[in-house]
Amino acid sequence: MTPDADPRLRRWTAPLRFAARLFTGRAAPGELRAACVRVLANVPFADGARRRLLLSTRPNPFAPRDPHAHAWPRDLMRPAPPVAGKPDVFVWALIDWHFRIQRPQHLAHAWAQRGHRVFYVSNESIDAPAPGFSPELLDANARLYQVHLHVSNAPTIYHAMPTAAQSAELDASLRAFLEWTGATDAISVVQHPFWSDLATRVSGARVIYDCMDHHAGFDNNAPDVIEAEHRLVAEAESVVVTSAWLAQSFEGKARRVQVVRNACDYTLFATPPRERFRDEAGRRVIGYHGAIAPWFDVELVARVARAFPDALVVLVGADTTGAAAQLAEFPNVRFTGEVDYTTLPYWVHGFDVGLLPFRVTPLTLATNPVKVYEYLAAGKPVVGVDLPEMAQFDELVHIARDDGHFLAAVRACLDAAPDEHQRRARQAFASQQTWGRRADAILPGC
């Protein structure tokens, strides 16, 4: 019997077959690197000097992060060589890779899957007295990294632009990082104005501003950050926005504005999970997932809980606005807290209806809501407030002009019999709204 004929024997002999390929020169490019990554991932190295090198054996970079980062010499962690015709992509991020999975991580992952080397510059710099950088490997093919630049008194990017001294340190840290990558052909995708000057120092890089939010709508942005955004919009080769509202706000201020909306991980949300949430009391479930922040309409959700006492309102996500205290009087409201991204289908597939209960503000008027795509991918009926970006969903989503219409739409969804045709229509729409398509739209022909 050959190893190919018996899966168990093939697994047991895998190390010997790899060794034979290695010593005869027949090992595939990157195979040794990937093998080293798999081995080193299980070695209990000390977490030295805050260097965050994650050696992951999992092909999915969205898997939960190992809480123990492993320090290892950078020379063993150098990126794979670039692919001809695939420029390196530097993502100047507005959130850390291990924060809530959103557009930045999805796009970076999609570009890496398409053969680009992707260097995701975290918003969380490392407070260090000397310039430098800390790379973090995010896949086994050495094509996707997060990097933390070193800078003294590491700034919070939302509150102010870097000082002159910090800019000089960041510049020195970037030079060291660029030497390590060996990048010669690159694209800088800037996702926050804080990085606007630094991103231009990647030699020969095209600068694209990927604007996913109305930054001026957040109360923690300083005037100099907004001024930097104005310069970035005027100077970037292209401005990519997530909504028509944002496109209109930049009209006449940018060389080129392109609307590339948000999307969904269709396969993750369309595939029924092995288990889904069920209310132990057998109640129908009215659900929401996402940030429970100042733009979340707590009063509207209170009206939903009061109107449907025999249903369970499940709110999945981190509560940063005190909503739990405001809704404590309702026994039919349940908060789950933050959950891992990969477990969201467990909750969404348990919803009888998915909600978008946002306040209507300049911030939300500019929003293209990811969660609606995800609800539709799961085939769920959706009720949302009347925001400009909801129009694209047409009859697939119930759009409520006021609170009364919102409650009526929720009732209609709960009272309706299951409709297989509608479920398929929702999923058919969502299947075309993928992060891979959005990544291709931002970097066409790359």
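Along the sequence shown, residues are numbered consecutively beginning with 1.
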K.L.:
Once the angle between the rings of F133 and F177 is folded into 0 to 90°, is it parallel (under 30°), tilted (30 to 60°) or perpendicular (over 60°)?
P.N.:
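Because their plane-to-plane angle is over 60°, the rings of F133 and F177 count as perpendicular.
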K.L.:
Do T242 and R261 have side-chain N/O donor and acceptor atoms under 3.5 Å apart?
P.N.:
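No pair is found: no donor N or O on one side chain lies under 3.5 Å from an acceptor on the other.
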K.L.:
Mind checking whether F393 and Y373 have ring centres under 6.0 Å apart?
P.N.:
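That pair passes the under 6.0 Å test.
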K.L.:
Are F269 and H349 close enough that their ring centers fall under 6.0 Å?
P.N.:
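Between H349 and F269, which both carry aromatic rings, the centre distance is not below 6.0 Å.
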K.L.:
For the residue pair R437 and Q433, confirm or rule out a side-chain donor-acceptor distance under 3.5 Å.
P.N.:
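Not at all, the side chains of R437 and Q433 share no donor-acceptor pair under 3.5 Å.
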K.L.:
F250: what forms a ring-ring contact (aromatic ring centres under 6.0 Å, His included) with it, not counting sequence neighbours?
P.N.:
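Partners of F250 under the ring-ring contact (aromatic ring centres under 6.0 Å, His included) test: none.
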K.L.:
I'd like to know whether the aromatic ring centres of W111 and F119 sit less than 6.0 Å apart in this structure.
P.N.:
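No, ring centres 6.0 Å or more apart.
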K.L.:
Under 3.5 Å, is there a donor on one side chain and an acceptor on the other for S134 and H150?
P.N.:
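Yes, a side-chain donor-acceptor pair sits under 3.5 Å.
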K.L.:
Report yes or no: do S152 and Q166 form a side-chain donor-acceptor pair below 3.5 Å?
P.N.:
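Result is no, nothing qualifies.
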K.L.:
Distance only, no hydrogens: is a donor on one side chain within 3.5 Å (strictly under) of an acceptor on the other, for Q191 and R103?
P.N.:
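Checked: Q191/R103 side chains show no N/O donor-acceptor pair below 3.5 Å.
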K.L.:
Under a plain distance cut-off of 3.5 Å, with no hydrogens placed, do E136 and H98 share a side-chain donor-acceptor pair?
P.N.:
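The answer is yes; a qualifying pair exists.
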K.L.:
Measuring from Q422:CD to L376:CG, what's the distance to the nearest 0.5 Å?
P.N.:
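The CD atom of Q422 sits 11.5 Å away from the CG atom of L376.
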K.L.:
More than 12 non-hydrogen atoms from neighbouring residues, nucleotides or ligands closer than 6.0 Å to CD on Q248, yes or no?
P.N.:
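Incorrect, the count does not exceed 12.
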K.L.:
Any side-chain donor-acceptor pair under 3.5 Å between W92 and S188?
P.N.:
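Side chains of W92 and S188: pair found under 3.5 Å.
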K.L.:
Any side-chain donor paired with an acceptor under 3.5 Å for H192 and E229?
P.N.:
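There is no such pair (donor and acceptor under 3.5 Å, judged by atom type) between the side chains of H192 and E229.
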